[in-house]
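Reminder, nothing fancy here: chain letters follow the sequence lines and each chain counts from 1.
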There are 2 protein chains.
Amino acid sequence: MVQSLNSGSNRGAATRAESGRTLPNRTASDRVRRRGEARRLDILRAAARVFRRSGVAAAGMRDIAQEADLSPGNLYYYFAGKDELLFFCQDRTVDRMLEAAQAARAAKLPAAEQLRTVIRAHLHYTLEEMEGATAHLEVDMLAENLRSSIIEKRDKYEQAVRALIVQGVQRGEFAPCDAALVARAVLGALNWTSRWYRPDGAQSVTAIADGLADYLVRGLAAAAQQTLTKPARALSGGRK
Amino acid sequence: MVQSLNSGSNRGAATRAESGRTLPNRTASDRVRRRGEARRLDILRAAARVFRRSGVAAAGMRDIAQEADLSPGNLYYYFAGKDELLFFCQDRTVDRMLEAAQAARAAKLPAAEQLRTVIRAHLHYTLEEMEGATAHLEVDMLAENLRSSIIEKRDKYEQAVRALIVQGVQRGEFAPCDAALVARAVLGALNWTSRWYRPDGAQSVTAIADGLADYLVRGLAAAAQQTLTKPARALSGGRK
DNA sequence: TCAAACTTTGAACCATGGTTCAAAGTCTAT
DNA sequence: ATAGACTTTGAACCATGGTTCAAAGTTTGA
């Protein structure tokens with residue numbers, strides 16, 4: 001879960017850090033490794049930025065290298081290739097979202113609030129964190145071996161959201177519904193934001209999150225308590 | 001609007017059909033032109049199929065040619081290139097959806113029913129018609145000139161949906177809301193279906209459409225009439 | 001300060017895939 | 001049947017872009 005960032009091919013540093021060779025002084029090589037990982041993260045963020053800006057397909061390794069301030073060839077010292085770059089972007093993001101979903105589900109809150117929390121987290125990780133890991137959505141570009149791993153986690157996340165809805169229904173807080181379908185509708189509405197959201201737009205991410213949550217939760221709320229869960233916010237457009 | 005299918009580069013037939021040259025017998029050359037257009041449509045459908053199967057980026061001209069039963073080079077006799085192929089796919093689909101949205105809005109029906117109609121049409125054109133013109137969603141691949149045209153129509157469509165929601169609110173059939181955001185949420189939920197829908201899955205397209213409509217409309221319905229507009233369907237999964 | 005390990009470079013390699021083209025095949029009108 | 005228009009072919013062209021690599025630069029440990 002900690003996902004030390006170097007699981008796949010690691011030609012670079014950090015590999016032989018474990019190899020028990022009684023190093024007289026461990027702090028120094030630790031510093032090297034630490035720096036290496038930091039570098040990797042920087043590169044990853046740069047890549048995510050380019051992915052977001054140009055789209056995964058159009059993003060070239062040369063572009064990414066430039067954005068990360070290093071030579072094209074040097075990229076391959078830190079990552080095995082574009083696939084791995086994309087993979088880590090996606091993996092980090094989906095991990096965060098999964099965590100958030102499971103935490104929300106465990107929390108002692110009304111189902112509506114749980115869902116709200118998930119929605120907020122989802123948009124945060126999709127649009128803000130990790131330079132807006134929009135890459136999360138383009139799984140098709142990965143080679144089979146990497147892809148399946150992401151798909152699996154993605155499915156797990158979807159299950160978590162679905163479970164949250166089912167739970168709400170069971171508690172009587174949500175109206176009965178086709179939870180699988182609704183979960184997909186919610187996730188679709190959320191994921192689609194990456195198509196139209198612009199960082200310099202009128203609405204902040206949290207404003208968008210709140211607005212979407214209002215609508216998406218209302219469609220679920222059991223008729224009786226509809227107005228109880230949360231007073232529907234006024235119809236505004238550009239509150240910061 | 002009729003979009004005679006050959007607006008861009010048309011090196012092939014149909015171009016000089018207009019050239020006033022007093023043809024002794026028009027029916028014959030008409031037949032040729034007719035056949036040409038039919039062929040173009042076949043190719044377009046084949047392309048759409050490949051786009052859907054492999055994704056726009058991964059779909060190669062050679063694949064498309066094979067799917068359409070002709071040689072790679074021959075494709076270029078009917079279409080200027082991959083861009084144009086993708087363009088026509090998208091253009092046809094968005095035209096249909098726009099039509100449907102405007103028709104629905106003009107119809108004398110409760111807002112909830114109007115929205116239902118749009119949702120059904122949207123999914124129909126996205127998942128079924130035109131071999132499931134999933135291509136509709138990948139605008140980023142087109143060159144600037146073609147892309148802007150599609151974007152424009154797409155925006156127009158979004159406006160139509162939004163207007164429909166606003167209208168519902170004004171009539172008091174929908175609860176007040178941020179119509180722009182809700183419209184995007186609805187469209188997101190709909191467009192996202194192309195990521196998970198499988199023709200051989202348990203639910204038919206109309207079943208999915210109904211299910212989504214139930215949820216998406218309920219989130220809009222004014223509290224008072226909520227149960228009036230449509231009795232919420234039972235929670236089923238696989239009705240044909 | 002020296003050797004080993006770690007980084008960096010950028011030019012070159014190479015597969016992929018969109019596109020072109022000249023030659024050949026087929027159909028239509030007379 | 002024949003000229004001319006319409007189709008088809010598939011090999012070759014070429015730009016793009018991911019990737020490799022050998023050599024050079026820098027840091028670390030003794």
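One can place CZ of Phe79(A) at 13 Å from P of dT7(C), the figure rounded to the nearest angstrom. Between Tyr77(B) atom OH and dT19(C) atom C1' there is a gap of 18 Å when expressed in whole angstrom units. Counting to the nearest Å, the P atom of dT26(C) and the CZ atom of Arg39(B) are 14 Å from each other. Put simply, CG on Leu75(B) is 16 Å from P on dA11(D), counting in whole angstrom units.
Judged as a side chain to side chain donor-acceptor pair (under 3.5 Å), and not counting sequence neighbours, Arg105(B) has no contacts. By the side-chain contact (heavy atoms from CB on, under 4.5 Å) test, Leu142(B) pairs with Leu86(B), Phe87(B), Gln90(B), Val139(B), Leu146(B), Arg147(B), sequence neighbours left out. By the side chain to side chain donor-acceptor pair (under 3.5 Å) test, Arg39(A) pairs with no residue at all, sequence neighbours left out. The side-chain contact (heavy atoms from CB on, under 4.5 Å) search around Ala209(B) returns Arg120(B), Leu123(B), not counting sequence neighbours.
Taking every heavy atom of both residues into account, Leu212(A) and Ala185(B) meet most closely at CD2-CB, 3.5 Å. Nearest heavy atom pair, residue Ala47(B) against residue Leu85(B), reads CB-CG, 3.9 Å. Nearest heavy-atom pair, Tyr157(B) versus Met97(B), reported as atom, atom and distance to 0.1 Å: CE1-O, 3.4 Å. Closest heavy-atom contact between Ala104(A) and Gln114(A): O-NE2, 3.2 Å.
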What side-chain donor-acceptor pairs closer than 3.5 Å can you find for residues 54-68 of chain A, not counting sequence neighbours?
unit_1	atom_1	unit_2	atom_2	d
Ser54(A)	OG	Val50(A)	O	3.4
Asp63(A)	OD2	Gly60(A)	N	3.1
Glu67(A)	OE1	Arg53(A)	NH2	2.6
Glu67(A)	OE2	Arg49(A)	NH1	2.5

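By the 6.0 Å contact criterion, CD on Gln159(A) is enclosed, its count of non-hydrogen atoms from other residues, nucleotides or ligands being greater than 12.
An OP1 or OP2 oxygen of dT9(D) is reached within less than 4.0 angstrom by a side-chain nitrogen or oxygen of Asn74(B).
Evaluation of the salt bridge (Lys or Arg N to Asp or Glu O under 4.0 Å) test over residues 183-193 of chain A, restricted to residues two or more places apart or in two chains, returns Glu158(A)-Arg184(A).
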Note to self: Generate the contact string for nucleotides 13-18 of chain D. Rules: B means base contact, S means sugar-phosphate contact only, - means no protein heavy atom under 4.0 Å.
What the structure shows: ----BB
Check: Dot-bracket for DNA chain D, 5' to 3', with Watson-Crick and G-U pairs under 3.5 Å, [ ] for crossing pairs and | for other-strand pairs: what is it?
Finding: ||||||||||||||||||||||||||||||
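Within residues 63-72 of chain A, the residues having any heavy atom closer than 4.0 Å to DNA chain C are, in order of number, Leu70(A), Ser71(A).
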